[in-house]
Number of protein chains: 2
Amino acid sequence: MTDTPATPRRRGAARTEELLQVTLDLAAEVGYAGLSIEAVGRRAGVGKHTIYRRWPSMSALLLDALSRVWTSDLDYRDTGDVRADLREQFLRSGLALSSPPIGPVYRAVIAEAQADSMLRATLHERFLVTVEQSTLDRITRAQRTGELTAEANLEFAAEVLCGTLYYRSLLSTRPIDEDAVDGLLDMFMAAYGTSN
Amino acid sequence: MTDTPATPRRRGAARTEELLQVTLDLAAEVGYAGLSIEAVGRRAGVGKHTIYRRWPSMSALLLDALSRVWTSDLDYRDTGDVRADLREQFLRSGLALSSPPIGPVYRAVIAEAQADSMLRATLHERFLVTVEQSTLDRITRAQRTGELTAEANLEFAAEVLCGTLYYRSLLSTRPIDEDAVDGLLDMFMAAYGTSN
DNA sequence: CGAGATCGGCACGCTACGTGCCGATCGAGT
DNA sequence: ACTCGATCGGCACGTAGCGTGCCGATCTCG
């Protein structure tokens, strides 16, 4: 009666990987509501301890799950046309932010962060600052090549650009479509562009 | 033994008022965590039905409580200097967004909205759109008086201005201080101002 | 002063949290 | 090959909030 255990009980790193994937799958299917430690455990066929041994809270698990899918596609291209590069990247990350699995997981982290200022700080430094920094890098290069004016305060500009995208995708009900991105870039280039 | 009932059991509109006030007080004291229907009921000395009869959910109660304190201080002054008027208003609402009771209640609504797209739509149209609209009104007037260029797409500009403030106060850990507001207005005026 | 709405209080079943304990299972080291 | 300790799944506990139902007391309006 020893039926073949197709998957022997996984442990250690393999379990960790699997749990992150289950979290992403669950988020994609049921969204933030219904995303709980018990739900992840049930779905993975895992005791709660197996999760709590790895992450101290749902928030920590969500942050790790988010890292798993957010790290790629973060860098801007550099074709020499800063407006085109920003446009492409904004549309890409706008789509990512509003689709599974990133969208629901991001929403979940933000919801929990509203009740937990430590988590808010972690979210900020681990994701938002990183995104702003890569934007800042790209427009700083454009400033050096003369595409943007020398007087521009690019730190604030990077925050305005990223902040507007996050505002629209997380608080607004409007989509991040081409019109939105073009409107945003119109303002940015009108302020700091040198070509017009 | 009939001790004087200093406050006779309130009902109807008086109760509604009191419950909104208790919600705001509670939010100011304990923040979003610990803000629940049971907590409001306990504090007000009220059965849960008395709350559920008025609002279908915590979110609805929060929205009403927010209206109560958010309606004033919304309009921009018009001194004829658009930059100064925006600056004053941004600093004022930035402070409001990060202090009790508005800050915690706003955070609570936003947290719940992440799991509920209907609530997100309500939040958007009832508050965010309103704020954007009053900003749009003010900068449209500035465009008519010639302070801003005629080609500017002010609808997107209003969204960028407000979005940046909300991003910073709700997702970032940075304060909405004079530097931030000035940086934002530098970009806005560089893009659409006529005086430089 | 009576009728009917509204009230506070209590209880229910449900779900999730975070922790503790159990015996089974795995796999690294000898 | 076998042992031993770490890790596993399963179950249970107490706490908390949700949303609903029912009760008898209390208030308001006609």
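Throughout, a chain's letter reflects where its sequence line sits, starting with A, and its residues are numbered from 1. Quantities reported herein were computed from a predicted structural model and do not represent experimental measurements.
- Not counting sequence neighbours, the partners of A:Glu112 by the side-chain hydrogen bond (donor to acceptor under 3.5 Å, both in side chains) test are A:Ser59.
- Ionic pairing of A:Arg83 and A:Asp186 is present here: one or more N-O contacts between side-chain nitrogen and carboxylate oxygen are shorter than 4.0 angstrom.
- A:Tyr166 and B:Tyr166 have their aromatic ring centers separated by at least 6.0 angstrom.
- Ring pair B:Tyr76/B:Phe90 is perpendicular by interplanar angle, where above 60° counts as perpendicular and below 30° as parallel.
- With no hydrogens or angles considered, no side-chain donor-acceptor pair links A:Asp85 and A:Gln89 at under 3.5 Å.
- Of the residues in residues 108-119 of chain A, none lies under 4.0 Å from DNA chain C by heavy-atom distance.
- Taking a 4.0 Å limit (strictly below) on heavy-atom distances, residues 58-65 of chain A does not reach DNA chain D anywhere.
- Under the side-chain hydrogen bond (donor to acceptor under 3.5 Å, both in side chains) criterion, A:Asp116 pairs with no residue, sequence neighbours left out.
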Before you tell me yes or no, could you show the steps for B:Leu62 and B:Tyr106 under side-chain contact (heavy atoms from CB on, under 4.5 Å), namely the whole-Å CA-CA distance, both residues' side-chain angles and the distance that decides it to 0.1 Å? CA-CA 8 Å; B:Leu62 289 171; B:Tyr106 226 118; over 6 Å; no

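- A:Arg68 and A:Gln21 form a side-chain donor-acceptor contact under 3.5 Å, judged by distance and modelled atom types alone.
- For the helix from C:dC1-D:dG30 to C:dT30-D:dA1, the rotation axes defined at the first and last 5 base pairs enclose an angle of 20°, given to the nearest 10°.
- For A:Arg15 and D:dC8, the CZ to P distance is 7 Å, given to the nearest whole Å.
- Note: CG (B:Leu35) to P (D:dA16) measures 17 Å, nearest angstrom.
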Between A:Arg174 and B:Glu132, is a salt bridge (Lys or Arg N to Asp or Glu O under 4.0 Å) present by the stated rule, with each step listed? CA-CA 13 Å; A:Arg174 308 174 185 125; B:Glu132 285 181 29; 3.0 Å; yes

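- One finds no side-chain N or O of A:Arg54 lying less than 4.0 angstrom from the OP1 or OP2 phosphate oxygen of D:dT7.
- Of the residues in residues 38-53 of chain A, A:Glu38, A:Arg42, A:Lys48, A:His49, A:Tyr52 come within less than 4.0 Å of DNA chain C through at least one heavy atom, sorted by number.
- A salt bridge links B:Glu178 with B:Arg87: the distance from a Lys NZ or Arg NE/NH1/NH2 to an Asp or Glu carboxylate oxygen falls below 4.0 Å.
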Quick one, A:Leu63 with A:Phe127, criterion side-chain contact (heavy atoms from CB on, under 4.5 Å). Give me CA distance, side-chain angles, the key distance, then yes/no. CA-CA 9 Å; A:Leu63 281 175; A:Phe127 290 94; 3.6 Å; yes

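- Side-chain contact check for A:Val131 versus A:Trp70: some heavy-atom pair is nearer than 4.5 Å.
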